[in-house]
Structure formats: structure tokens, C-alpha cells
Amino acid sequence: MSITMQTGTPPAIPSFAMRMLALCYGGLAYLIFLGTFLYAVGFVSRLVVPKTINTGPTSSLSTALLINLVLMSIFAVQHSGMARQGFKRLFARFASPAIERSTYVLLASLSLILLFWQWQPMPAVVWNIEGPVFAGVVTAIGFMGWLIVLYSTFLISHFELFGLTQVVAHFAGRLTAPIAFRTPGLYSLIRHPIYLGFIIAFWSTPFMTLGHLLFASVTTAYIFVGIWLEERDLVAFFGDEYRKYRERVAMLLPGVF
């Protein structure tokens with residue numbers, strides 16, 4: 001689950017030009033996200049894209065470690081900070097709530113683009129699966145993780161999650177429908193299938209370098225922090241309904257945790 005509610009009610013319907021501008025802004029933010037997501041698949045999987053997690057100019061180990069940690073920290077602070085309800089309320093004081101989610105998506109995409117651009121490879125090999133069959137299976141599992149991520153976003157309203165629903169409703173001069181608590185598909189088995197998909201995608205590689213290990217380890221740790229923050233917000237928003245859901249449904253692995 002993810003909270004993407006509108007904050008407040010606009011006093012009047014904005015002009016056509018302003019609504020069109022918000023619609024174009026939201027559409028552009030979504031297209032940038034889509035390109036960033038596809039690049040992320042190639043970046044982690046080391047396929048197609050010009051710069052991957054293991055390519056690019058190399059630096060000393062200490063320099064690469066520092067730069068990469070800073071890059072991941074920038075994304076983590078932006079991604080978690082802007083997702084909090086306090087930021088949403090602050091944003092609504094200065095801009096239309098209709099573009100809040102699009103702004104979040106845009107800045108998250110830009111922080112990832114910065115990470116892809118400035119990432120420092122750390123080429124020391126941690127493991128290398130040379131058998132083509134086993135390597136192919138591990139690679140396929142990684143792509144399955146990406147598919148779980150994408151599929152799970154559609155289960156909970158993909159276009160609302162990435163801001164398009166809000167700007168389309170704003171353009172039509174209406175508010176988006178109130179959020180209803182739903183647990184479709186994978187959400188009836190685990191509470192966070194999107195995060196599970198990312199973990200699978202980040203760790204399932206036949207060729208693990210030190211840099212890739214750093215990326216997978218830090219992002220996995222961040223995912224658990226993100227789950228804690230997100231569930232705190234969901235309990236505050238949905239109350240006992242979410243508490244009961246949390247009691248009966250595992251976090252990431254059905255029947256385990």
C-alpha cells in the first residue's frame with residue numbers, strides 16, 4: 001500500500017491554461033520516470049544501456065565508496081522525506097496538491113539519473129556463476145523481480161502511484177476519489193510486493209561485484225527503513241484496518257515474515 005492522497009480542497013477551479021500546464025507537467029514527469037525505470041533495469045542487469053553498475057571510470061576504493069554512498073543517500077532522503085504527510089501538507093501551501101505526486105516522481109527520477117551518471121564501479125568480483133544454465137536461471141529470476149515491481153504497481157493503481165490520475169482529475173476540474181483500503185492479488189499474500197520485487201532484482205545476478213554488492217546491500221537496508229516509515233503512515237491513515245492487515249499478512253515472504 002502507498003498513500004497518495006490529495007491534501008486540501010482548491011477554493012476554485014483553476015484556469016484552463018493552469019490545468020493544462022499541470023497536465024503536461026504530470027505527463028512529462030511520468031515519461032521521465034518510465035525512461036528512468038527502464039534504464040534502472042539495464043543498469044542493474046548490465047544490459048543494453050551505455051553505463052551499468054559495473055562500467056565507467058574507476059576511482060580508488062575509498063573514493064568510490066564515498067561517492068556511491070552519497071548518491072544513494074541523496075535518493076533515500078528525497079524518496080522518504082517527500083513521501084511523508086508533513087511534506088505533503090507543506091507542499092500544498094505553495095503549489096497545487098494535484099502536482100505533488102508528479103513532483104515527487106520527477107525528483108525521485110532525477111536523483112536516480114544522478115546516481116546512474118555518477119556511480120563509481122567497484123570491480124572486485126564477489127561471485128561469478130560461469131555455468132550458462134545456472135547463470136541464465138539467476139538472470140531470469142532477476143527479471144522476474146522487475147516484473148513483480150511493475151505488476152504490483154498496477155494492482156494498486158499504477159497511474160495514481162505515479163501522479164497521472166491526479167493531474168488528469170485536476171484538468172477535468174474534479175478531485176480524485178478518496179483512497180480505499182484494498183489488498184488485491186499479491187497484496188493478499190504479502191504487504192510489500194513492490195519492495196520484494198526490488199530485492200529480488202537487485203540480488204539476482206550471476207556476476208556480483210563489490211559495487212553491485214554495495215548497491216544491493218544499501219538499497220535493501222533502505223527498503224526496511226522505508227517499510228517502517230510507510231507502515232507508520234498507513235497505520236495513522238487507516239487505523240485498525242491496517243493493523244489487522246499487518247497482523248494476518250506477512251511483510252515480504254508469505255508465512256515467514
Side-chain angles (χ1 to χ4, degrees), residues 1-40 74-114 149-187 192-195 197-198 226 229-239 241-242:
M1 292 295 297
S2 178
I3 297 176
T4 58
M5 66 179 180
Q6 296 278 33
T7 305
T9 303
I13 297 176
S15 68
F16 176 82
M18 293 301 294
R19 287 183 285 131
M20 176 59 75
L21 183 62
L23 182 64
C24 293
Y25 176 75
L28 178 62
Y30 179 79
L31 290 176
I32 292 173
F33 148 74
L34 189 59
T36 304
F37 177 80
L38 293 175
Y39 197 100
I74 291 172
F75 173 78
V77 170
Q78 178 277 324
H79 194 260
S80 287
M82 290 186 66
R84 307 281 68 80
Q85 293 303 308
F87 176 84
K88 296 174 189 291
R89 290 190 292 269
L90 179 64
F91 186 92
R93 294 173 56 186
F94 299 98
S96 170
I99 64 169
E100 179 270 321
R101 190 67 184 180
S102 293
T103 302
Y104 172 85
V105 169
L106 177 61
L107 292 180
S109 298
L110 292 178
S111 64
L112 281 176
I113 291 170
L114 175 64
V149 171
L150 191 59
Y151 173 65
S152 299
T153 67
F154 280 98
L155 287 176
I156 57 171
S157 184
H158 174 88
F159 297 110
E160 182 177 3
L161 188 63
F162 296 105
L164 281 181
T165 298
Q166 293 88 328
V167 294
V168 169
H170 180 68
F171 180 75
R174 56 182 172 78
L175 292 175
T176 53
I179 295 174
F181 183 76
R182 300 182 303 112
T183 59
L186 293 176
Y187 286 89
H192 300 283
I194 293 177
Y195 290 143
F198 278 125
L229 291 170
E230 184 176 307
E231 292 206 332
R232 185 183 63 178
D233 288 348
L234 289 167
V235 167
F237 190 70
F238 291 110
E241 191 172 19
Y242 191 83

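Start at 1 with the first residue, then count along the sequence. Computed from a predicted model, the values in this text were never measured in an experiment.
Of all non-hydrogen atoms in Ser111 and Ile74, the two that sit nearest each other are CB-CG2, 4.3 Å. Between Ser157 and Arg182, the shortest heavy-atom distance links the atoms N-NH2, 4.3 Å. Here the shortest heavy-atom pairing between Ala22 and Val167 reads O-CG1, 3.6 Å. Residue Tyr195 comes nearest to Glu230 through the heavy atom pair OH-OE1, 3.1 Å, listed as atom of the first residue, atom of the second, then distance. Of all the heavy atoms in Val105 and Ala29, the pair that sits closest is CG1-O, 4.0 Å. Annotation for Val149 and Gly197: closest pair CG2-C, 3.5 Å, computed over non-hydrogen atoms.
With sequence neighbours excluded, the residues forming a salt bridge (charged side-chain N to carboxylate O under 4.0 Å, His left out) with Arg84 are Asp233, listed by chain and number.
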For Thr103 and Tyr25, run side-chain contact (heavy atoms from CB on, under 4.5 Å): C-alpha distance rounded to whole Å, both residues' side-chain angles, the deciding distance at 0.1 Å, then the answer. CA-CA 9 Å; Thr103 302; Tyr25 176 75; 2.9 Å; yes
Please assess Gln166 against Glu100 for the test side-chain contact (heavy atoms from CB on, under 4.5 Å), listing each intermediate value before the final yes or no. CA-CA 9 Å; Gln166 293 88 328; Glu100 179 270 321; over 6 Å; no
How far apart are the C-alpha atoms of Tyr187 and Ser152, what are their side-chain angles, what is the distance that settles it, and do they pass the side-chain contact (heavy atoms from CB on, under 4.5 Å) test? CA-CA 8 Å; Tyr187 286 89; Ser152 299; 4.0 Å; yes
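Around the CE atom of Met20, the shell of radius 6.0 Å holds more than 12 heavy atoms that belong to other residues, nucleotides or ligands.
Leu164 has its side chain out of reach of Arg101: every pair of non-hydrogen atoms, C-beta onward, lies at least 4.5 Å apart. Within the 4.5 Å cutoff, side-chain heavy atoms of His158 are placed close to those of Leu150. Looking at heavy atoms from C-beta onward, Ile99 lies in side-chain contact with Phe91 at the 4.5 angstrom threshold.
Between Tyr242 and Phe181, the ring planes are perpendicular. Angles over 60° get that label, and only those under 30° would be called parallel. Ring pair Tyr30/Phe159 is tilted by interplanar angle, where 30° to 60° counts as tilted.
Here the NE2 atom belonging to His79 is positioned 8.0 Å from the CG atom belonging to Leu112, to the nearest 0.5 angstrom. Once rounded to the nearest 0.5 Å, the distance linking CG of Leu110 with CZ of Phe75 reads 11.5 Å. How far CG of Leu107 is from OG of Ser102: 11.0 Å, rounded to the nearest 0.5 Å. Here Ile156 contributes atom CD1 and Thr183 contributes atom OG1; the two are 11.5 Å apart, rounded to the nearest 0.5 Å. Atom CG of Leu106 and atom OG1 of Thr36 lie 9.0 Å apart (nearest 0.5 Å). Between Cys24 atom SG and Phe171 atom CZ the span is 8.5 Å, to the nearest 0.5 Å.
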